[in-house]
Amino acid sequence: KNNLTIDLNEYTINRNAASPGNKQYVFYIDCTGSLTITDSSEAQTGTITGGKNAWLWGPLEARLNGCGGAFYVDYGTLKIKGGNITGNTATYGGAIYINDMDDAFVYISGGKIYGNTAEEGGAIYANNGYLYVDGGEITGNTAEYGGGIYWDSLDVGFVTGGKIYGNTATEKGGGMY
């Protein structure tokens, strides 16, 4: 298994996508990959930003179009233990998109996911896979459906801790849909 831990330590990772396009996410996690995001700084100001992933029509690979502004989790594992994920946009999952694979895992135990936008799932779009939230904050995200989290069809999903508040949906599900 390929494991990578990134300690933001007050630094910013900025994809700096000028305009929304295909595969403009910040990180793509697949197969046996595992990515852990932390921020060991006292201020907790490390940030991941600048992903802009929009649905484009045409002969592009459809399954990746518009999914996940910051993270596209396809098989693989994402663990968020600290830092900030903000300022990302996508059609599905402004910050995180969990693909419809049985082996996609997302664990959120710390950090803050805020200020992301999408049509569905301002912060997170969960399309099968596994989602566990037991810490951190999901706040200030915006979508038509599921301002915080859009639960499509999940294998397993738990929210046992953390805070989900202040998210906005223009249609349904400000916190979760």
Side-chain angles (χ1 to χ4, degrees), residues 1-17 23-53 64 67-90 92-99 101 103-118 121-143 146-150 154 156-167 176:
K1 192 166 188 165
N2 300 309
N3 298 310
L4 174 65
T5 297
I6 296 175
D7 181 357
L8 295 171
N9 195 21
E10 295 187 10
Y11 287 95
T12 295
I13 297 173
N14 188 345
R15 173 71 166 85
N16 203 23
K23 302 179 187 176
Q24 298 284 336
Y25 35 72
V26 182
F27 292 99
Y28 176 78
I29 304 157
D30 71 345
C31 297
T32 60
S34 176
L35 175 62
T36 301
I37 303 295
T38 66
D39 186 349
S40 63
S41 70
E42 187 174 325
Q44 288 288 298
T45 57
T47 301
I48 296 172
T49 190
K52 294 180 181 171
N53 202 3
L64 298 180
C67 300
F71 300 95
Y72 185 107
V73 184
D74 188 19
Y75 294 97
T77 300
L78 171 63
K79 297 177 184 175
I80 299 174
K81 298 180 176 183
N84 300 286
I85 301 160
T86 186
N88 300 285
T89 62
Y92 305 104
I96 301 168
Y97 180 83
I98 305 169
N99 193 22
M101 302 297 170
D103 293 325
F105 296 89
V106 174
Y107 303 95
I108 300 171
S109 60
K112 190 171 181 180
I113 302 172
Y114 70 97
N116 302 284
T117 59
I124 301 168
Y125 185 99
N127 184 23
N128 285 339
Y130 300 84
L131 174 61
Y132 300 94
V133 179
D134 68 4
E137 294 181 42
I138 299 172
T139 185
N141 301 285
T142 304
I149 302 172
Y150 184 101
L154 217 59
V156 176
F158 292 103
V159 177
T160 59
K163 297 177 182 178
I164 301 172
Y165 67 96
N167 299 285
M176 293 185 272

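- A ring-ring contact (aromatic ring centres under 6.0 Å, His included) with Tyr97 is found for exactly one of Tyr72, Phe71, Phe27, Tyr25, namely Tyr72.
- Atom CD1 of Ile149 sits about 6.5 Å away from atom CD1 of Ile108, to the nearest 0.5 Å.
- Atom OH of Tyr11 is surrounded by 12 or fewer heavy atoms from other residues, nucleotides or ligands within 6.0 Å.
- Side-chain N or O atoms of Asp74 include none that pairs as donor or acceptor with a backbone N or O of Tyr28 at under 3.5 Å.
- Under a 3.5 Å cut-off, the side chain of Thr36 and the backbone N or O of Ser34 do not form any donor-acceptor pair.
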query = Where do Ile80 and Ile96 land on the side-chain contact (heavy atoms from CB on, under 4.5 Å) test, with the steps shown first?
reply = CA-CA 11 Å; Ile80 299 174; Ile96 301 168; 3.7 Å; yes
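- Donor-acceptor pairing under 3.5 Å is recorded for the side chains of Ser41 and Asp39.
- Atom OG1 of Thr77 is separated from atom CG of Asp30 by 11.5 Å, given to the nearest 0.5 angstrom.
- The OG1 atom of Thr160 lies 4.5 Å from the CG atom of Asp134; values are rounded to the nearest 0.5 Å.
- Glu10 approaches Thr45 most closely through the heavy-atom pair CG-OG1, 3.4 Å.
- Considering CD1 of Ile37 and CG of Leu4, their distance stands at 7.5 Å, rounded to 0.5 Å.
- If you take CG on Asn128 and CD1 on Ile98, they are separated by 10.0 Å, rounding to the nearest 0.5 Å.
- The distance from atom CE of Met176 to atom CD1 of Ile138, rounded to the nearest 0.5 Å, is 8.5 Å.
- A side-chain contact (heavy atoms from CB on, under 4.5 Å) with Lys52 holds for exactly one of Asn88, Asn16, Thr89; it is Thr89.
- Heavy-atom minimum distance, Gln24 versus Asn53: N-OD1, 3.5 Å.
- The two atoms that bring Gly87 and Asn116 nearest to each other are N-OD1, 3.4 Å, heavy atoms only.
- Ile113 and Ala123 make their closest contact through CG2-CB, 3.8 Å (heavy atoms, listed as atom of the first residue, atom of the second, distance).
- Of all non-hydrogen atoms in Asn141 and Gly122, the two that sit nearest each other are CB-C, 3.8 Å.
- In this structure, Leu8 and Ile6 have side chains that are in contact, with non-hydrogen atoms separated by less than 4.5 Å.
- The heavy-atom pair separating Gly94 from Ala118 by the smallest distance is N-CB, 3.5 Å.
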request  = Tell me, with the steps shown, if Tyr165 and Glu137 meet side-chain contact (heavy atoms from CB on, under 4.5 Å).
outcome  = CA-CA 8 Å; Tyr165 67 96; Glu137 294 181 42; 2.6 Å; yes
